[in-house]
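None of these values were measured; they are calculated from a predicted model.
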Amino acid sequence: MAEDEASEGARGDRTAKGRTGEGRKAEGRTTEGRTHPAPGQAREYRVAELARKAGITERTLRFYRERGLIPPPRREGRIAWYDDHHLARLRTISALLERGHTLSGIADLTSAFESGRDAGEALGLVEPTEETPVRLTPEALADHFAGEVTPENLAAALELGYVTVSGEEIVHISRRLLEVSASLVREGVPLADVLAAGREVREHADALAALFADVLRTHTALKDADRLRPLAKAVVDAELSLALDRRLTQEP
DNA sequence: ATTCTTACA
DNA sequence: TGTAAGGA
């Protein structure tokens, strides 16, 4: 929130040279030839500037870097250059700290982010499905689950493939699953239990899918698979309803 | 002289 | 996590 972008060039800084001929990305140029500082401009910051923008001290920034909580900066001789990616990461860290997370926990989360990103890209999570992915910021995800987005839970969600990391945003693989999970948490179910249940459901669903695929493969043409797909979902939906009736009415 | 690292408190 | 000291 409280960002002081304007104060950057306003004050007479102690470094008279400023940027030492750094080949920066192209500025937002209008047709009139004027350049204006676009918000969220992709530029680089030295340590002191990044720390100011992130609202932390230089020492803390260095500390985070030693713990591997932020990626190493671009080194130009002795000077460390950070970019907006680092800034976004620092803001996420601050937000998580305010939510009571520990530094080591955030370090786990960070490594989970990176491993999850690699795993997601390696596995090529492109599946033909009706489920629509939803993009959201880490903060938005935390809001969905009432502060239950612990590093452990996030790692589990990454493991399950529920969420992947895309740049600085998180992608949940299914809007329906996201909303249902959030609802369960709001109803008082711990997110860890939701994820554990999700893992079991995943296994049973895989078994059901294998069963239907087998039946369809042996008795119908392969080109009919897509057309018959809703039948399989209807069967499971109906059977689950009946099973829930039995469970929730017979047992007190 | 400035920026960053190391080490100590 | 602050700070003093030293290397580049």
(message) Once pairs are restricted to Watson-Crick or G-U wobble with both distances under 3.5 Å, how does DNA chain B read as a dot-bracket string, [ ] for crossings and | for other-strand pairs?
(response) .|.||||||
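Using a 4.0 Å cut-off between charged side-chain N and carboxylate O, A:Arg46 and A:Glu49 make a salt bridge.
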(request) With side-chain contact (heavy atoms from CB on, under 4.5 Å) as the test, would you mind laying out the steps for A:Leu90 and A:Leu50 before giving the verdict? (result) CA-CA 9 Å; A:Leu90 287 172; A:Leu50 180 73; 3.6 Å; yes
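Here the C1' atom of nucleotide C:dT1 and the CZ atom of A:Arg65 are 16 Å apart, to the nearest Å. Between the CD atom of A:Glu66 and the C1' atom of C:dG2 there is a distance of 13 Å, given to the nearest Å. Note: CZ (A:Arg46) to P (B:dT2) measures 12 Å, nearest angstrom. Atom CG in A:Leu50 sits about 11 Å away from atom P in B:dC4, given to the nearest Å. At whole-Å resolution of the value, CD in A:Glu49 and P in B:dT3 are 12 Å apart. When the C1' atom of B:dA1 is taken as reference, atom CZ of A:Arg78 falls 12 Å away, rounded to whole Å. For the pair A:Glu76 CD and B:dC4 P, the computed distance is 11 Å after rounding to whole Å. A:Glu58 places its CD atom 14 Å from the P atom of C:dT1, with the value rounded to the nearest Å.
What you find for A:Trp81 and A:Glu76 is that their closest heavy atoms are NE1-OE1, 3.4 Å.
The cluster map of Ile, Leu, Val, Met, Phe, Trp and Tyr, joined by side-chain heavy atoms under 4.5 Å apart, puts A:Val171 and A:Val165 in different clusters.
Screening residues 188-200 of chain A for side chain to side chain donor-acceptor pair (under 3.5 Å) gives A:Arg199-A:Glu203 as the qualifying pairs, with residues at least two apart or on separate chains.
Side-chain N/O atoms of A:Thr57 include one lying less than 4.0 angstrom from OP1 or OP2 on C:dG2.
Judged by distance alone, with hydrogens and angles left aside, A:Arg59 brings a side-chain donor or acceptor within reach of the base of C:dT3, the pair sitting under 3.5 Å.
Within the 4.5 Å cutoff, side-chain heavy atoms of A:Leu141 are placed close to those of A:Leu154.
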